[in-house]
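None of the values given here were measured: they were computed from a predicted structure.
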Amino acid sequence: MRIGVVCDDRWHPAETVRQGLKALELSGMTFNYMTEDTAWSADRMNEYPVTILTKSNCRSASDPSPWLTEDVQQSFVNYVEWGGGLFVIHSGTVGYANDPLFRQLVGGVFTHHPPSGEVTLQLEPSSSFHLNAESRTMTLIDEHYFIELDDKQAEVFMTSESIHGRQPAGWTRRQGNGRICVATPGHYVDVWQSPFYRSILQQGISWCAGEIEKITD
């Protein structure tokens with residue numbers, strides 16, 4: 001499967017994403033990276049059954065100005081409603097609070113995070129992710145993202161907990177003919193490369209592509 005990846009911003013380098021997704025190439029996935037806002041276009045995105053967005057709302061690592069115009073927001077909405085799968089990971093939730101079309105599409109946005117520290121990820125009891133029973137929780141060092149989850153009908157399949165509290169960390173929703181999956185961990189490459197989170201990524205992509213019917217019961 002060919003997957004488009006929109007990534008690279010001031011705080012989240014593309015190399016973290018490349019290294020984090022590298023192991024999934026062994027399962028037959030091919031990732032095509034768009035690291036500048038000028039590399040992205042609606043036509044190019046439409047070439048892929050699934051697009052991963054792991055880029056905050058800035059043009060590039062050297063240009064912090066916003067890239068998500070109203071036209072770009074509408075392109076993402078059209079992509080999903082016409083049957084595309086959108087997988088929003090970590091920084092893909094950042095900087096979009098005042099972009100209503102995109103915020104509604106994703107179902108929620110990042111608000112803040114405390115200093116990095118121990119974060120425990122927990123699959124919800126109803127989750128149908130096919131992980132080993134002993135791997136339904138994992139504690140790692142990461143940024144603990146705090147989220148405003150706008151879509152109360154979204155299916156939350158994963159939560160995150162630290163000394164600062166408990167938050168939704170993974171959810172799915174549908175819009176039109178398409179699917180949206182969100183996973184908020186992933187500031188460090190060690191998180192992406194952990195077997196637990198790699199399984200989340202693989203199944204999230206498969207769900208977005210319509211290869212599996214459900215992530216949650």
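Hydrophobic clustering, with ILVMFWY side chains joined whenever heavy atoms are under 4.5 angstrom apart, groups Leu101 together with Val182. Each of Val189 and Leu24 belongs to its own hydrophobic cluster when Ile, Leu, Val, Met, Phe, Trp and Tyr are linked at side-chain heavy-atom distances under 4.5 angstrom.
Between Met158 and Pro185 there is a side-chain heavy-atom pair separated by less than 4.5 Å. Counting only heavy atoms from C-beta outward, the side chains of Asp9 and Cys58 approach each other to under 4.5 Å. Here the side chains of Val80 and Ile180 are in contact, with some heavy-atom distance below 4.5 Å. For the pair Gln73/Pro100, a side-chain contact is recorded, criterion being any heavy-atom separation below 4.5 Å from C-beta on. Cys208 places none of its side-chain heavy atoms less than 4.5 Å from the side chain of Ile205. Between Leu53 and Ile89, every side-chain heavy-atom pair lies at or beyond the 4.5 Å cut-off. You'll find the side chain of Tyr33 reaches within 4.5 Å of the side chain of Cys7, heavy atoms only. The side-chain heavy atoms of Leu21 and Val17, taken from C-beta on, include a pair separated by under 4.5 Å.
One side chain, Arg59 or Ser65, offers a donor N or O that lies under 3.5 Å from an acceptor on the other. For Tyr188 and Thr16, the side-chain atoms include no donor-acceptor pair closer than 3.5 Å.
With respect to Tyr145, the side chain to side chain donor-acceptor pair (under 3.5 Å) criterion is satisfied by exactly one of His90, His112, His187, Gln167: His90. Applying the side chain to side chain contact (heavy atoms under 4.5 Å, CB included) test between Leu105 and each of Leu86, Val88, Asp151 identifies Leu86 as the sole match.
Judged as a side-chain hydrogen bond (donor to acceptor under 3.5 Å, both in side chains), and not counting sequence neighbours, Thr35 has no contacts. By the side-chain hydrogen bond (donor to acceptor under 3.5 Å, both in side chains) test, Thr120 is found to be paired with Thr139, residues two or more places apart in sequence or in another chain being considered. For Glu81, the side-chain hydrogen bond (donor to acceptor under 3.5 Å, both in side chains) partners are Gln175, not counting sequence neighbours.
Across Tyr197 and Val191, no two heavy atoms sit closer than the pair CB-O, 3.2 Å. Between Ser60 and Glu36, the shortest heavy-atom contact is CB-OE1, 3.2 Å. Minimum interatomic distance between Thr172 and Cys181 (heavy atoms only, all atoms of both residues): CG2-SG, 4.0 Å. Minimum heavy-atom separation, Gly186 to Trp192: O-NE1, 2.6 Å. Pairing each heavy atom of Ser160 with each of Leu121, the nearest pair is CB-CD2, 3.8 Å. Of all the heavy atoms in Phe196 and Thr137, the pair that sits closest is CE1-N, 3.9 Å.
Between the CZ atom of Arg136 and the CD atom of Glu124 there is a distance of 9.5 Å, given to the nearest 0.5 Å. Atom CD of Gln193 sits about 6.5 Å away from atom CD of Gln19, to the nearest 0.5 Å. Here the straight-line distance linking atom OG1 of Thr51 with atom CZ of Arg2 works out to 10.5 Å at 0.5 Å rounding. Taken from CD in Glu148 to OG1 in Thr111, the straight-line distance is 6.0 Å, to the nearest 0.5 Å. Here Arg166 contributes atom CZ and His144 contributes atom NE2; the two are 9.5 Å apart, rounded to the nearest 0.5 Å. Between the CG atom in Asn57 and the OG1 atom in Thr93 there is a gap of 11.5 Å [rounded to 0.5 Å].
Under the 3.5 Å distance criterion, the side-chain polar atoms of Thr159 are left unmatched by any main-chain donor or acceptor of Ala169. At distances below 3.5 Å, at least one donor-acceptor pair connects side-chain atoms of Ser41 with backbone N or O atoms of Arg44. Panel note: side chain Lys55, backbone Asp8; a donor-acceptor pair is recorded below 3.5 Å.
Residue Glu70 places its CD atom among 12 or fewer non-hydrogen atoms of other residues, nucleotides or ligands, all under 6.0 Å distant. When the shell of 6.0 Å around CD of Glu15 is examined, it contains more than 12 heavy atoms from other residues, nucleotides or ligands. Heavy-atom neighbours of Glu25 CD from other residues, nucleotides or ligands within 6.0 Å: above the threshold of 12. Residue Asn98 places its CG atom among 12 or fewer non-hydrogen atoms of other residues, nucleotides or ligands, all under 6.0 Å distant.
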Could you walk me through whether Thr30 and Met1 pass side chain to side chain contact (heavy atoms under 4.5 Å, CB included), step by step? CA-CA 6 Å; Thr30 301; Met1 185 195 317; over 6 Å; no
Would you please test Ser56 and Trp11 for side chain to side chain contact (heavy atoms under 4.5 Å, CB included) and show each step? CA-CA 8 Å; Ser56 65; Trp11 302 276; 4.1 Å; yes
Going through the distances and angles, do Val6 and Ile52 end up as a side chain to side chain contact (heavy atoms under 4.5 Å, CB included)? CA-CA 6 Å; Val6 183; Ile52 292 174; over 6 Å; no
Between Thr184 and Trp171, is the side chain to side chain contact (heavy atoms under 4.5 Å, CB included) condition met? List the steps. CA-CA 9 Å; Thr184 65; Trp171 67 88; 4.2 Å; yes
Test ring pair (Phe, Tyr, Trp, His ring centres under 6.0 Å) on Trp40 and Phe76 and set out the steps. CA-CA 11 Å; Trp40 176 91; Phe76 274 92; 5.6 Å; yes
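Between Asp150 and Arg103 there is a salt bridge, with a side-chain nitrogen of the basic residue lying less than 4.0 Å from a carboxylate oxygen of the acidic one. With salt bridges taken as basic N to acidic carboxylate O contacts below 4.0 Å, none links Glu155 and Arg179.
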